[in-house]
Visitor: 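Encoded as structure tokens, here's the structure I'll be asking about.
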Protein chains: 2
Amino acid sequence: MGKLLIVGTVAIDEIETPFGKTGKILGGAATYIGLAASQFEVDSAIVSIVGDDIPSEYLDILREKGVDLSGIEIVTGGKTFYWKGKYHNDLNSRDTLITDLNTLADFNPIVPDGYKDAEVVMLGNLHPAVQMGVIEQMETRPRLIVLDTMNFWMDHALSELQEVIKHIDVITINDEEARQLTEEYSLVKAAEAIQKMGPEYVVIKKGEHGALLFHKEQVFFAPALPLEEVFDPTGAGDTFAGGFTGYLAATQDLSFNNLKNAVIHGSNLASFCVEKFGTGRMKDLKREEVNKRLHEFKALTQFDIELK
Amino acid sequence: MGKLLIVGTVAIDEIETPFGKTGKILGGAATYIGLAASQFEVDSAIVSIVGDDIPSEYLDILREKGVDLSGIEIVTGGKTFYWKGKYHNDLNSRDTLITDLNTLADFNPIVPDGYKDAEVVMLGNLHPAVQMGVIEQMETRPRLIVLDTMNFWMDHALSELQEVIKHIDVITINDEEARQLTEEYSLVKAAEAIQKMGPEYVVIKKGEHGALLFHKEQVFFAPALPLEEVFDPTGAGDTFAGGFTGYLAATQDLSFNNLKNAVIHGSNLASFCVEKFGTGRMKDLKREEVNKRLHEFKALTQFDIELK
């Protein structure tokens, strides 16, 4: 059982979609990553920061899944990172209505001693300097460092982003962000350009259109499972990352073939995440449900043309 | 060796993309369908109409591939259907600059006697009443009738479209058109709704995002091969349809598993079509190249997670 260190936000979200609105609910990248990773035999820990306004039952959701929370700093009198967003009718785009960084503004992550030798590190979307600070605290070079980021850091902290990218193995990024980072429209060319910046593997997330994994001359594609209805896309990308890294930490096999499997596991878990508001689907997700849907993924993608 | 009857336009195109512009070149749905189908062991024939302005070397391109052209009416003194279009920078959208129907305006297709027993019929995008007229000329019910259509007919000939849809087995349609036809945003729900209108199989084409095949509770997905550069998307959908029907006519196996293979063959051939202007890539495409790229499709999509 490998160790997975997760760094990212634990947040209070409010979400509105065409199907309704939530009140305040548990959110945050590290939350979704941790819930997804807990589907595998992995010893995972979250490094994050929250205020003491966070309901204890929120943290219990993660604790009950066996996620180590000793790396979550609870600031007395502080307020938890808060995000409010509204999705448009097609659910492919959203407006951020409120972002209150609160305690996250002064986040100085401290990696618990017991996880400074984690084999896999998942750096959720955060300021690249904060992500770099975590890498520097590791006692041994992790076997795999995965980084998620977004266009905001390309606009506001590009040099720090370029620096941390040099030190990682896998970047997960969406298609538009890959284009912005490289000024290449073709995703094949964008992935080549990103590999030259540092990471050996590039995962380009295309939302409902699936995800691509690039490594040198090799490329693998995992579709998103076609669903009757997407209810709330919040956390789907983080759930993908949690499935991807959780599976790799559990199996400790970093071959390209196993990274393919990790992409499928990530996509599989993300297909559940979007079926309910927030963490509603992930928090009670059964392994039998997960296994059943893997069969659907196989039927969706596997064919048996005899090759010449 | 099965018979494939292809009905559709043989056209003169002029195309502009960010990479340059063509003069007048060979185009038309039936042209691309015929070229793609010729990659398989199939006895195919095109039913179409052109003017005597069409250069004989255009028709020779198809004739040399073994496509029977006896069903192409050449109107003396008439002009061939002409289309001029310009693609936007991302190549995902285009403006039609000129459409001159010319002889196509009076197209009254006559199925050659030798193809009235074709096992597979591919009805390219045309007025739905013309498509219906072809079905009515068949002496024996074909084993598979595939129909391609577009939003124009939903806007201008919806009742005729609904009528012909009742008589077909497979519809190929793009995602936006599937939504327009059914008023369902979810492609899963749209495909269900279309199956209720008649066709047992629904292929939803998503361009660079691949194609979905639906049949009752089953769904299969073929990605588009990620390419360094897409040069000219003209004809990609028709090439897909030609690969799909050509393979099915050649193999005569209409199981869902073989339809999956047909979708892969269609996607594989479409990946070549977009690499050069017009029919430039398809007209000299070697079977060895096609087979080689099938290996890439397999590497792109196949994984070996052990299922429980």
Side-chain angles (χ1 to χ4, degrees), chain A residues 18 89-91 175 179 184-192 204 206-210 212-214 217-230 247 256-265 268 287-288 290-292 294-308, chain B residues 18 89-91 175 179 184-192 204 206-210 212-214 217-230 247 256-265 268 287-288 290-292 294-308:
Chain A
N89 274 339
D90 66 1
L91 291 169
D175 42 2
R179 287 171 173 143
E184 291 281 2
Y185 183 79
S186 153
L187 296 179
V188 174
K189 289 188 179 175
E192 276 173 23
I204 297 184
K206 304 199 296 172
E208 63 167 328
H209 299 304
L212 286 157
L213 168 68
F214 292 92
E217 303 301 306
Q218 299 181 89
V219 54
F220 178 68
F221 177 79
L225 197 73
L227 296 169
E228 288 259 336
E229 207 74 82
V230 170
Y247 176 76
F256 187 71
N257 268 344
N258 205 47
L259 262 72
K260 286 184 176 188
N261 293 344
V263 167
I264 292 290
H265 281 290
N268 190 40
R287 295 220 183 159
E288 305 85 73
V290 176
N291 289 334
K292 181 156 177 275
L294 278 177
H295 287 263
E296 293 178 43
F297 259 91
K298 197 137 191 167
L300 179 67
T301 56
Q302 307 301 286
F303 57 87
D304 57 4
I305 292 177
E306 218 173 290
L307 297 180
K308 284 163 202 164
Chain B
N89 272 339
D90 67 1
L91 292 170
D175 42 1
R179 287 172 174 141
E184 291 283 1
Y185 183 79
S186 154
L187 296 180
V188 174
K189 289 187 179 175
E192 277 173 23
I204 297 184
K206 306 198 296 172
E208 62 167 330
H209 298 303
L212 286 157
L213 168 68
F214 292 92
E217 304 301 307
Q218 300 180 88
V219 53
F220 179 68
F221 177 78
L225 196 73
L227 295 170
E228 290 258 335
E229 208 74 81
V230 170
Y247 176 76
F256 187 73
N257 269 345
N258 206 48
L259 263 71
K260 287 184 177 190
N261 293 345
V263 168
I264 292 290
H265 281 289
N268 189 41
R287 296 221 182 159
E288 305 86 72
V290 175
N291 289 333
K292 183 157 177 273
L294 278 177
H295 287 263
E296 293 179 43
F297 258 91
K298 196 137 192 169
L300 179 68
T301 55
Q302 306 301 287
F303 57 88
D304 57 3
I305 292 176
E306 220 173 287
L307 297 180
K308 283 164 202 162

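Proteins come first, then strands; the chains are lettered A, B, ... in the order of their sequence lines, and each starts at number 1.
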Visitor: What part of A/Leu187 is in contact with chain B, defined as an atom under 4.5 angstrom from a non-hydrogen atom: side chain, backbone, both or neither?
Guide: neither
Visitor: Which heavy atom in B/Lys260 sits nearest to a heavy atom in A/Gln302, and how many Å separate them?
Guide: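 Shortest heavy-atom contact: NZ-O, 3.6 Å.
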Visitor: Side chain, backbone, both or neither: which part of A/Lys292 has a non-hydrogen atom closer than 4.5 Å to chain B?
Guide: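 For A/Lys292, neither part sits under 4.5 Å from chain B.
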Visitor: Does the ring centre of A/Phe221 sit less than 6.0 Å away from the ring centre of B/Phe221?
Guide: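 Aromatic pair counts; centres sit under 6.0 Å.
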Visitor: Indicate the atoms forming the closest heavy-atom contact of B/Glu228 with A/Ser186, along with that distance.
Guide: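 Result for this residue pair: O-OG, 2.8 Å.
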Visitor: Got a sec, which residues hit side chain to side chain contact (heavy atoms under 4.5 Å, CB included) with B/Ala224, two or more places apart in sequence or on another chain?
Guide: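 In terms of side chain to side chain contact (heavy atoms under 4.5 Å, CB included), with neighbours along the sequence ignored, B/Ala224 is linked to no residue.
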Visitor: Would you mind checking which part of A/Asp304 comes under 4.5 Å of any heavy atom in chain B, side chain (CB onward), backbone (N, CA, C, O), both or neither?
Guide: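 Both backbone and side chain.
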Visitor: Report the option among B/Gln218, B/Glu184, B/His265 that has the most heavy-atom pairs separated by less than 4.5 Å from atoms of chain A.
Guide: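 Among the listed options, the one with the most contacts to chain A is B/His265.
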Visitor: Output all residues satisfying side chain to side chain contact (heavy atoms under 4.5 Å, CB included) with A/Asp90, sequence neighbours left out; order by chain, then residue number.
Guide: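 A/Asp90 satisfies side chain to side chain contact (heavy atoms under 4.5 Å, CB included) with A/His88, A/Asn92, A/Ser93, B/Tyr185 once adjacent residues are dropped.
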Visitor: For A/Leu227, does its backbone N or O pair with a side-chain atom of B/Lys189 as donor and acceptor, under 3.5 Å?
Guide: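 No, because the side chain of B/Lys189 does not come within donor-acceptor range (under 3.5 Å) of the backbone of A/Leu227.
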Visitor: Look at B/Leu300, B/Leu225, B/Asn258 and state which one has the largest set of heavy-atom pairs under 4.5 Å with chain A.
Guide: B/Leu300
Visitor: Can you tell me how far CD1 of A/Ile305 sits from CG of B/Asn268, rounded to the nearest 0.5 angstrom?
Guide: 7.5 Å
Visitor: Is there side-chain contact between B/His209 and A/Glu208, with heavy atoms separated by less than 4.5 Å?
Guide: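 Heavy-atom side-chain distance check fails, nothing below 4.5 Å.
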Visitor: Is there a side-chain contact between B/Phe303 and A/Val263 in this structure, where contact means two heavy atoms from C-beta onward sitting under 4.5 Å apart?
Guide: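 No; the side chains remain at least 4.5 Å from each other.
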Visitor: Determine whether B/Pro226 and A/Val219 make a side-chain contact, defined as any pair of heavy atoms from C-beta on separated by less than 4.5 Å.
Guide: yes
Visitor: Indicate yes or no: at least one non-hydrogen side-chain atom of A/Leu307 is less than 4.5 angstrom from one of B/Asn291.
Guide: no
